[in-house]
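Okay, structure first, notes after.
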Amino acid sequence: MSPVRVIHASYVNVPATAALPPGPIKLTAMEAQWVVVPVLQHVLLYEGEDMPPFVDILQSLRSSLAATLRSFAPLAGKLVHLEDTGDVGLNCSSSDGINFVVAESDADIHRLAGNEKQDVHVLERLVPEVEMGELPTPVLAVQATRFKGGVALGVTVHHGVADGRSLWTFVEAWATACRGETRAATPCFDRSLVKLPGGQELARSFLRKYAPNLPKAAYPAPLLEDSARLTRRTFTVDARGIQRLKERILRLGESSGAAPPRPPSTFIAVVALAWTCFARCKPFASDDDVMVGFLADAQHRLDPPVDAGYFGACLTGCIASLPARELRDEHALAAAARAVQEEVRKKTEDPMAGCDFLAPAFKIAMERLMNVSGSSSFRAYELADFGWGRPRRTENTRMIRDGQVALMRGRDGQGVQVSVSLLEPAQMVEFKSQLLELVG
C-alpha cells in the first residue's frame, strides 16, 4: 500500500482581476537550458497539536492561492514551444489554473520531520507529479497531504521560470496571503530586464543544442541516475558551528600561507566544508581532480543589474576543482574556501562565463563532482508560515544524484541546513564523521 494516497485534485483558476501578460513570455538564455532539467521540488512539513482542521487548512490554502495568482498569474500558464521563432515561452490565459492535489498519509509526520535520515519513499510522494518532458507543460502544481497531527505542503515548479530565490518569493507571497496579510512587493515577469549578449538568439541556440527535438525535451544522459539507490541525510550546522568553521578556515589559511583574500561568507564556508567531506568519503585517487559545482545568482552581477523584484531564473554556473590530496590534508578547508571564493569572484566579474551551465556535464567526470543547489541565504522556514507556524522541516525532494548537496538557512534562522545524497551508506557515515570533526 502506498504511504501517500491522492484523494482529490482540482484547479485553482486565475482570478478575473489578474493582469495577464499580452503574449508568451520568452525564456532568456539563462532559462532556456532548464527546459531539459525542469523539475524543482520542495516539501514543507507542519505538525503540532494546535494545527487547524485539515478542511480549514485546505480552504485557506486554496483561497489564498487564488489571491496570490492576481500577481503571479503567469505561473498558472504553460510552457510552450513557439515554432515560428524557435523560442520557448510561458503562455497564460484567463482559463488557466494551478493543479491543487489533496492527499493523505498514515506515515508518522513527527518521525518524518525529525529524523536526520530522509524517508525518501514518503517525501517524494508529498510533492505533485508533473510530466515536464514534453511541451506544452504546466509550470506549477501544489499538493496538500493530511497526516495525523500535521500536514505537508509540496510544491513543484518548472526551473525554466523560477530559480530558488523566485520559488521562495512565491511561497512567501502565498503564505502572507494565507495569514490574511498584504504583500508589499509585486513580482516582475518582464524578461526584457535581463540584458544578455546575443539576446534571444542566444536562448534559441541553447534550445537547439540541448533540446533539438522540441516539443520533446529529453533529460541529458550525463545527469541520469537511479535515485532509488541513494542514501540521503540532513544535517544542521548551527550558528556557533558556522563561526568556528570560518575561524578555522582563516587560521588554517594563515598557517599555510594560502588564506582566502577575505573572510569567507557563510555560503563559501559551508560549501568548502561539504566539498572537503565529499572528497574524504569517496575512494578517489590522490591525483584525481575533485570538483564542486554550484549556481550563483546573476541578477546583481549583470550589467545593468536586474531589478530585485524580477521573477525568473537568472543564474550563472560555477565549478571549482582541486586534487583530492589537497582536500584531504590539514589545510583542506582553507584551500577549498579559497577555490570557491575565486570562482565566485570570476563570475562576479563575468557572469556570462557560466551562462552555458550544462556544458560541463558533457565534459567532466560526473562521479567526481559534488553539485550544490540552494543557498544558505534562503529563509524557507521563516517565509513559509501560512498561519500555523513555521514548518518543522522543509526538504528539496529532487535529490537525485550521487554527491548532491542542498542548502538553506536553518530553522532557527541562524544556522545552515545541509541535505546530502550519496550512493553508498558507508560513505554517508564517513561524510557525517568528517563534518562533525571539521566543525569541531
Side-chain angles (χ1 to χ4, degrees), residues 14 17-35 40 67-77 79 87-92 139-140 155 157-177 181-203 206 265 267 294-318 344-345 347-357 373-380 382-384 408-409:
V14 175
T17 56
L20 300 175
I25 301 170
K26 295 179 180 180
L27 300 192
T28 71
M30 287 187 167
E31 297 171 323
Q33 294 167 73
W34 292 113
V35 168
L40 182 59
T68 305
L69 287 179
R70 293 193 188 101
S71 300
F72 290 83
L75 296 184
L79 213 57
D87 293 291
V88 169
L90 178 56
N91 198 33
C92 178
V139 298
L140 177 66
V155 179
V157 66
H158 197 296
H159 218 323
V161 302
D163 53 21
R165 178 194 53 79
S166 290
L167 167 64
W168 293 116
T169 295
F170 166 74
V171 171
E172 180 183 20
W174 185 12
T176 300
E181 301 171 12
T182 302
R183 186 172 183 269
T186 300
C188 175
F189 289 83
D190 183 1
R191 267 44 182 179
S192 69
L193 296 176
V194 183
K195 309 292 186 184
L196 302 177
Q200 211 54 42
E201 178 51 37
L202 181 60
F206 285 153
S265 66
F267 175 82
F294 55 96
L295 293 163
D297 190 341
Q299 274 191 237
H300 63 284
R301 294 181 166 99
L302 292 175
D303 185 17
V306 181
D307 185 86
Y310 176 77
F311 191 100
C314 195
L315 303 166
T316 185
C318 303
V344 171
R345 183 196 64 78
K347 296 310 187 296
T348 298
E349 292 183 356
D350 182 13
M352 290 302 296
C355 187
D356 189 358
F357 56 82
S373 62
S375 171
S376 55
S377 65
F378 287 169
R379 299 177 295 119
E382 178 182 340
L383 301 178
M408 67 179 65
R409 190 169 299 180

(message) Any non-hydrogen side-chain atom of F378 less than 4.5 Å from a side-chain atom of L167?
(response) no
(request) Considering non-hydrogen atoms only, spot the tightest contact between A308 and Q299 and give its length. (result) CA-NE2, 4.0 Å
(request) Heavy atoms only: give me the nearest L75-L140 pair and the separation to one decimal. (result) O-CB, 3.5 Å
(request) Taking side-chain hydrogen bond (donor to acceptor under 3.5 Å, both in side chains) as the test, write out the residues that go with D190, two or more places apart. (result) S192
(message) What's the separation between atom SG in C318 and atom CZ in F294, rounded to the nearest 0.5 Å?
(response) 4.0 Å
(message) So V157 and F170, do their side chains get closer than 4.5 Å, heavy atoms only?
(response) no
(request) Identify, with sequence neighbours excluded, every residue that meets ring pair (Phe, Tyr, Trp, His ring centres under 6.0 Å) alongside H158. (result) none
(message) Quick check: do L193 and C188 have side-chain heavy atoms less than 4.5 Å from each other?
(response) yes
(request) Quick one: do L295 and M30 satisfy side chain to side chain contact (heavy atoms under 4.5 Å, CB included)? Show the steps, please. (result) CA-CA 11 Å; L295 293 163; M30 287 187 167; over 6 Å; no
(request) Applying side-chain hydrogen bond (donor to acceptor under 3.5 Å, both in side chains), name anything that partners T68, two or more places apart in sequence or on another chain. (result) none
(message) Can you list everything that forms a side-chain contact (heavy atoms from CB on, under 4.5 Å) with Q200? Sequence neighbours excluded, please.
(response) K26, D87, A203, R204
(message) Taking the side chain as everything from C-beta on, heavy atoms only, tell me whether C314 gets closer than 4.5 Å to L302.
(response) yes
(request) Check the pair W34, L315 against side chain to side chain contact (heavy atoms under 4.5 Å, CB included), reporting the backbone distance first and the verdict last. (result) CA-CA 11 Å; W34 292 113; L315 303 166; 4.1 Å; yes
(message) Distance check, rounded to the nearest 0.5 Å: R409 atom CZ versus S377 atom OG?
(response) 6.5 Å
(message) Nearest 0.5 angstrom please: C92 SG to I25 CD1, how far?
(response) 8.0 Å
(message) So which atom in V14 and which in A18 form the shortest heavy-atom distance, rounded to 0.1 Å?
(response) CG1-CB, 3.5 Å
(request) Could you tell me which residues satisfy side-chain hydrogen bond (donor to acceptor under 3.5 Å, both in side chains) with D356, sequence neighbours excluded, listed by chain and number? (result) K209, Y210
(message) My understanding is that only residues two or more places apart in sequence, or in another chain, count here; which of them pass ring pair (Phe, Tyr, Trp, His ring centres under 6.0 Å) with F311?
(response) F72, F189
(request) Apply salt bridge (Lys or Arg N to Asp or Glu O under 4.0 Å) to R191 and list each qualifying residue two or more places apart in sequence or on a separate chain. (result) E31
(message) Show me the pairs that pass salt bridge (Lys or Arg N to Asp or Glu O under 4.0 Å) and involve residues 307-316, at least two apart or across chains.
(response) none
(request) Could you tell me which residues satisfy side-chain contact (heavy atoms from CB on, under 4.5 Å) with L383, sequence neighbours excluded, listed by chain and number? (result) W168, E172, R379
(request) Keeping the roles fixed (side chain from Q33, backbone from F357), state whether a donor-acceptor pair exists under 3.5 Å. (result) yes
(message) Applying side-chain hydrogen bond (donor to acceptor under 3.5 Å, both in side chains), can you list everything that pairs with S166, at least two apart in sequence or on another chain?
(response) D163
(request) Identify, with sequence neighbours excluded, every residue that meets side-chain contact (heavy atoms from CB on, under 4.5 Å) alongside A19. (result) none
(message) E181: which residues meet the side-chain contact (heavy atoms from CB on, under 4.5 Å) condition with it, sequence neighbours left out?
(response) T176, R179
